[in-house]
**Q** 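First the structure, which I've put down as structure tokens, then a few questions once you've had a look.
Protein chains get the first letters and strands the later ones, always in sequence-line order, with residue 1 at the start of each.
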Number of protein chains: 2
Amino acid sequence: MQEPNTKRSRQREKIFQVLRRTRSHPTAEWIFKEVRQDVPKISLGTVYRNLSVLRRQGRILELDFGEGIRRYDAVIQPHYHFVCSRCGSVCDIDVPPLNVVTEQARTVIPGIVDSHRLDYIGTCNTCLEHS
Amino acid sequence: MQEPNTKRSRQREKIFQVLRRTRSHPTAEWIFKEVRQDVPKISLGTVYRNLSVLRRQGRILELDFGEGIRRYDAVIQPHYHFVCSRCGSVCDIDVPPLNVVTEQARTVIPGIVDSHRLDYIGTCNTCLEHS
DNA sequence: ATACATGCAAATCATTTGCGCAGTC
DNA sequence: GACTGCGCAAATGATTTGCATGTAT
């Protein structure tokens with residue numbers, strides 16, 4: 001878990017803890033505000049730098065749903081997402097990843113497939129109620 | 001195909017043609033350079049504005065593979081993509097979209113699913129040869 | 001004539017980076 | 001003590017926007 005050339009730091013561990021405690025796939029800005037409550041002098045740059053380190057260490061995932069904002073996830077087991085196109089919320093989907101899908105495509109794909117990513121797009125229950 | 005409050009323009013049609021002629025899922029910058037050969041005075045802002053219009057008209061798709069750059073595609077029929085994690089190239093996958101995938105998830109998802117998006121991630125043949 | 005579209009430049013917004021100081025091993 | 005990480009502020013890079021002018025209908 002410890003990368004070469006990597007020391008431990010209060011800021012980094014706090015960032016990781018904050019991310020573990022939420023299921024909301026937050027942005028760097030959100031994490032920054034959250035961590036600042038415990039570490040008031042932390043800077044946004046530090047948050048970005050550490051999110052980068054954590055991703056390189058494989059401790060977190062970096063997600064992107066095409067909004068031009070990056071989101072982060074401490075759940076690193078392969079899983080799919082449901083994205084609400086109305087409010088932008090993202091939630092984890094409890095369906096076992098389908099290796100079949102990858103197998104079927106391997107034959108057609110001009111290269112080697114390592115993994116796949118599946119997003120469901122729709123409208124979440126909260127938004128449905130409010131309409 | 002004609003949206004209300006939308007006139008025809010040489011720039012917009014040219015941008016659309018350029019996008020139709022390629023299978024490379026280009027960025028706005030690439031489209032800009034391409035269109036500039038025919039319309040030398042076109043500005044990058046115009047390219048962005050028109051890509052936006054074309055997307056709202058449903059004539060093109062806006063894609064995002066988490067590189068922080070937006071890509072565009074004139075193939076609007078639902079289809080999947082193969083992304084090379086080494087060189088970043090993107091290619092269309094000729095596998096019929098699996099409604100099954102969506103059906104299976106509907107039961108678990110807290111909302112209404114409109115569509116899904118599937119990306120295969122791996123290494124393309126070109127990169128495999130060069131290594 | 002009346003919108004709508006353009007070119008240009010400046011503004012925005014998320015993210016990255018250079019620097020001198022501080023914390024960890 | 002050597003090296004890594006921090007806070008700060010400035011830089012970057014993609015995309016957006018305001019404005020005066022040009023163009024399609």
**Q** How many whole angstroms separate atom CZ of B/Phe32 from atom P of D/dG13?
**A**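 From B/Phe32 CZ to D/dG13 P: 16 Å.
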**Q** Could you state the atom-to-atom distance from CD1 of A/Ile69 to C1' of C/dT16 in whole Å?
**A**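 So the CD1-C1' distance, A/Ile69 to C/dT16, works out to 17 Å.
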**Q** Could you work out which one of C/dC25, D/dT25, C/dT6 sits closest to the side chain of A/Lys7?
**A** C/dC25
**Q** Rounded to the Å, how far apart are A/Arg36 CZ and D/dC6 C1'?
**A** 16 Å
**Q** Taking only the side-chain nitrogens and oxygens of A/Tyr48, find out if one of them lies under 4.0 Å from OP1 or OP2 of C/dT15.
**A** yes
**Q** Given atom NZ of A/Lys14 and atom P of D/dC6, what is their separation to the nearest angstrom?
**A**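 It works out to 15 Å between those atoms.
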**Q** Does a side-chain N or O of A/Ser9 approach OP1 or OP2 of D/dC6 to a distance below 4.0 Å, or not?
**A**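 For A/Ser9, the contact criterion (side-chain N or O under 4.0 Å from OP1 or OP2 of D/dC6) is met.
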**Q** Let's see if you can work this out: which of C/dC8, C/dT17, D/dT15 has an atom nearest to the side-chain heavy atoms of A/Arg49?
**A**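 Closest of the options to the side chain of A/Arg49: C/dT17.
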**Q** Judged by atom type as modelled, is there a donor-acceptor pair below 3.5 Å linking the side chain of A/Thr123 to the main-chain atoms of A/Leu128?
**A** no
**Q** Excluding sequence neighbours, so at least two apart, what forms side chain to side chain donor-acceptor pair (under 3.5 Å) with B/Arg117?
**A** B/Asp119
**Q** Starting at CD of A/Glu62 and ending at C1' of C/dT15, how long is that distance when rounded to a whole Å?
**A** 10 Å
**Q** Looking at the side chain of A/Val39, which of D/dG7, C/dA14, C/dC25 is the nearest nucleotide?
**A** D/dG7
**Q** Look at the rings of A/His116 and B/Tyr120 and say which category their plane angle falls in: under 30° parallel, 30 to 60° tilted, over 60° perpendicular.
**A** tilted
**Q** For A/Leu51 and D/dC6, what is the distance between atoms CG and P respectively, to the nearest whole Å?
**A** 11 Å
**Q** Strictly distance-based, threshold 3.5 Å: is any side-chain N or O of A/Arg71 a donor or acceptor partner for the main-chain N or O of A/His25?
**A**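 Flag set: sc A/Arg71 to bb A/His25 pair under 3.5 Å.
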**Q** At under 4.0 Å, does any side-chain N or O of B/Arg71 touch on OP1 or OP2 of D/dA14?
**A**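 No, because none of the side-chain N or O atoms of B/Arg71 sits under 4.0 Å from OP1 or OP2 of D/dA14.
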**Q** Can you tell which of C/dA5, D/dC6, D/dA2 lies closest to the side chain of B/Arg12?
**A**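 Nucleotide nearest to B/Arg12's side chain: C/dA5.
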**Q** Distance check needed: D/dG5 C1' versus A/Asn50 CG, whole Å only.
**A**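 My rounded result for the distance is 8 Å.
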**Q** Choose from D/dT25, D/dT15, C/dC8 the nucleotide whose nearest atom is closest to any side-chain atom of B/Lys41.
**A** C/dC8
**Q** So, OP1 or OP2 of C/dT6: does either fall under 4.0 Å of a side-chain N or O from B/Ser43?
**A**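 Looking at the OP1 and OP2 atoms of C/dT6, neither is under 4.0 Å from any side-chain N or O of B/Ser43.
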**Q** Quick check on DNA chain D: between A/Gly45 and B/Gly68, whose nearest nucleotide comes earlier from the 5' end?
**A**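 Its nearest nucleotide lies further toward 5', so the answer is A/Gly45.
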**Q** What distance do A/Ser52 atom OG and A/Glu62 atom CD have between them, rounded to the nearest 0.5 Å?
**A**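 Output value for this atom pair is 6.5 Å.
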**Q** Once you round it to whole Å, what is the distance between P of D/dA9 and CG of A/Leu44?
**A** 13 Å
**Q** Looking only at side-chain N and O atoms, does A/Gln11 come under 4.0 Å of OP1 or OP2 in D/dG7?
**A**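 Looking at the OP1 and OP2 atoms of D/dG7, one of them is under 4.0 Å from a side-chain N or O of A/Gln11.
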